[in-house]
A.B. asks: 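Before we start, here is the structure in question, set down as structure tokens.
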Amino acid sequence: MEKLKQIYEGKAKKLFETEDPDLLIQEFKDDATAFDATKRGTIMNKGVINNKLSEKIFGLLEEKGVPTHFVKRLNDRDMLVKKVKIVPIEVTMRNIVAGGMSKLLGLDEGIILKEPVLEYHFKEDKLHDPLINEYHVRALGIATDKELEAIDKYSFKVNDELKKFFDSKGLILVDFKLEFGRYKGKVILADEVSPDTCRLWDKTTKEKLDKDRFRRDMGNVEEAYQEVLRRVME
Ligand code: ADP
Ligand code: UDP
């Protein structure tokens, strides 16, 4: 499958049409942004690492019954995916307080939540992806009840499966972001699952092995991404 016209270039990925109107090629770049793209940089080999990690994780989730856009990995940076209409919601799942939740509620990072917290953020960069609830989603017609039901169910399932999976690799899944899309009348998981979109801490040392190393100028960013890949592939 070859790349035809580029239809989108985002902060971390590019999308290309293919000869099949139902399929796109998603190319993973090394570009990294944070704080609504006010901080920009590159993380060497990030694209290659996130492509492989997403392949592994989408494969695992499919096996566990979560439908995803993943078709196959084509090469180092390219992945063949089903073309979806993205539901403009970024779903955040949290197991431990960090980042946005710590700031919003004035809580220390690292507090273990009694149960996972699901948040919807309206996907609109210029509004900084504001936090919304299911009433906003319904009242504004952002998604239907049925779609929201599927999104919630899959998000909790992804959390359960990935918590277990990362734990078996010596990693704590602190929080993550998911995006869903509409494909042939159904909602499926899209975008990527990687250290760009998940917070992962080493189980023993609590060392951060994710994009927070870039956001907070902690150094060894590429090494952290490589370490996650190494453990996940073991
Ligand atoms: P951003 O748009 O936030 O800069 P990216 O650089 O990751 O993010 O760009 C990828 C874009 O592609 C995102 O807007 C995402 O919602 C969208 N997307 C992800 N998977 C699919 C898919 N299967 N079909 C269509 N669009 C997708
Ligand atoms: N996240 C993401 N994209 C975003 C915002 C958040 O992938 O645009 C991920 C982030 O990496 C973290 C989780 O979602 O794993 C929760 O992020 P949070 O709301 O704490 O925001 P942040 O700290 O990134 O501002």
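Keep in mind that what you see is a predicted model, and the values were worked out from it rather than measured. Indexing begins at 1, ligand by ligand and atom by atom, following the structure's order. In this chain, residues are counted from 1 in sequence order.
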A.B. asks: What do the steps show when you test Thr38 against Asp36 for side-chain hydrogen bond (donor to acceptor under 3.5 Å, both in side chains), and what is the final call?
C.D. replies: CA-CA 6 Å; Thr38 51; Asp36 297 316; over 6 Å; no

A.B. asks: Dump the intermediate steps for salt bridge (Lys or Arg N to Asp or Glu O under 4.0 Å) on Arg199 and Asp175, then the final yes or no.
C.D. replies: CA-CA 5 Å; Arg199 285 195 170 92; Asp175 59 27; 2.8 Å; yes

A.B. asks: Using a heavy-atom cut-off of under 4.0 Å, does the side chain or the backbone of Cys198 touch ligand 2, or both, or neither?
C.D. replies: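 Near ligand 2, Cys198 shows its backbone, while the atoms from C-beta on stay back.
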
A.B. asks: Give me the nearest non-hydrogen protein atom to atom 4 (C) of ligand 2 as residue plus atom name, then the distance to 0.1 Å.
C.D. replies: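 The protein heavy atom lying closest is Glu90 OE1, 3.6 Å.
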
A.B. asks: Among protein heavy atoms, which sits nearest to atom 18 (P) of ligand 2, and what does the distance come to when rounded to 0.1 Å?
C.D. replies: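 Protein heavy atom at minimum distance: Arg94 NH2, 3.4 Å.
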
A.B. asks: State the atoms of ligand 2, each with its element, that fall below the 4.0 Å cut-off from a heavy-atom position in Gly99.
C.D. replies: 20 (O), 23 (O)

A.B. asks: Between the protein and ligand 1, which nitrogen or oxygen pairs come in under 3.5 Å, and how far apart is each?
C.D. replies:
unit_1	atom_1	unit_2	atom_2	d
ligand 1	2 (O)	Tyr8	OH	2.4
ligand 1	3 (O)	Lys11	NZ	2.9
ligand 1	4 (O)	Lys11	N	2.6
ligand 1	4 (O)	Lys11	NZ	3.3
ligand 1	6 (O)	Lys11	N	2.8
ligand 1	6 (O)	Ala12	N	2.6
ligand 1	6 (O)	Lys13	N	2.8
ligand 1	7 (O)	Lys13	NZ	2.5
ligand 1	14 (O)	Lys123	NZ	3.4
ligand 1	16 (O)	Glu179	OE1	2.5
ligand 1	20 (N)	Asp191	N	3.2
ligand 1	23 (N)	His69	ND1	2.8
ligand 1	23 (N)	Lys82	O	2.8
ligand 1	24 (N)	Val84	N	3.1

A.B. asks: For Asp175, take its heavy atoms, then give the atoms of ligand 2 lying under 4.0 Å from any of them.
C.D. replies: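 Once the distances to Asp175 are compared, the set is 12 (C), 13 (C), 15 (O), 16 (C).
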
A.B. asks: Whether Arg216 engages the ring of Phe214 as a cation-pi pair (distance to the six-membered ring centre under 6.0 angstrom, angle to the ring normal within 45°) should be assessed.
C.D. replies: no

A.B. asks: Can you find an N/O atom of His121 closer than 3.5 Å to an N/O atom of ligand 2?
C.D. replies: no

A.B. asks: Hey, looking at atom 23 (O) of ligand 2, which of Arg199, Arg215, Lys103 has the closest heavy atom?
C.D. replies: Arg199

A.B. asks: Are any of the side-chain heavy atoms of Leu53 and Pro195 separated by less than 4.5 Å?
C.D. replies: yes

A.B. asks: Would the number of heavy atoms belonging to other residues, nucleotides or ligands and lying under 6.0 Å from OH of Tyr135 be above 12?
C.D. replies: no

A.B. asks: Enter the distance from Met44:CE to Tyr225:OH here, rounded to the nearest 0.5 Å.
C.D. replies: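 Reported value, rounded in 0.5 Å steps: 14.5 Å.
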
A.B. asks: Taking atom 25 (O) of ligand 2 as the reference point, report whether a protein heavy atom occurs under 4.0 Å from it.
C.D. replies: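 No, because not a single protein heavy atom sits under 4.0 Å from atom 25 (O) of ligand 2.
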
A.B. asks: N/O to N/O below 3.5 Å, does that happen between Gly100 and ligand 2?
C.D. replies: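 The answer is yes, given that Gly100 and ligand 2 share an N or O pair closer than 3.5 Å.
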
A.B. asks: List every atom of ligand 2 that sits less than 4.0 Å from any heavy atom of Asp129, numbering the atoms from 1 in the order shown and giving each element.
C.D. replies: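 Taking each heavy atom of Asp129 in turn, ligand 2 has 8 (O) under 4.0 Å.
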
A.B. asks: Under 4.5 Å between side-chain heavy atoms, hopping through other hydrophobics if needed: is there a path connecting Ile86 to Leu15?
C.D. replies: no

A.B. asks: Decide whether an N or O pair under 3.5 Å exists between Thr92 and ligand 2.
C.D. replies: no

A.B. asks: Determine the interplanar angle of the His69 and Phe58 rings, folded into 0 to 90°, and report it as parallel if under 30°, tilted if 30 to 60°, perpendicular if over 60°.
C.D. replies: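 Taking Phe58 first and then His69, their aromatic rings stand perpendicular (interplane angle over 60°).
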
A.B. asks: State the atoms of ligand 2, each with its element, that fall below the 4.0 Å cut-off from a heavy-atom position in Asp196.
C.D. replies: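 Under 4.0 Å from Asp196, ligand 2 has these atoms: 7 (O), 11 (O).
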
A.B. asks: Between the side chain of Lys169 and the main-chain N/O of Glu234, is any donor-acceptor distance below 3.5 Å?
C.D. replies: yes

A.B. asks: Please confirm whether the backbone N or O of Leu23 pairs with a side-chain atom of Thr18, one donor and one acceptor, at under 3.5 Å?
C.D. replies: yes

A.B. asks: As a check for students: among Lys177, Met93, Glu179, identify the option with a heavy atom nearest to atom 6 (C) of ligand 2.
C.D. replies: Lys177

A.B. asks: Going by salt bridge (Lys or Arg N to Asp or Glu O under 4.0 Å), Asp30 matches just one of Arg40, Arg77, Lys46, Lys13. Which one?
C.D. replies: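 That would be Arg77; it is the only one of Arg40, Arg77, Lys46, Lys13 passing the salt bridge (Lys or Arg N to Asp or Glu O under 4.0 Å) with Asp30.
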
A.B. asks: Given the rule in the salt bridge (Lys or Arg N to Asp or Glu O under 4.0 Å) test, do Lys157 and Asp160 qualify, once you have shown the distances and angles that lead to the verdict?
C.D. replies: CA-CA 5 Å; Lys157 177 79 177 157; Asp160 286 346; over 6 Å; no

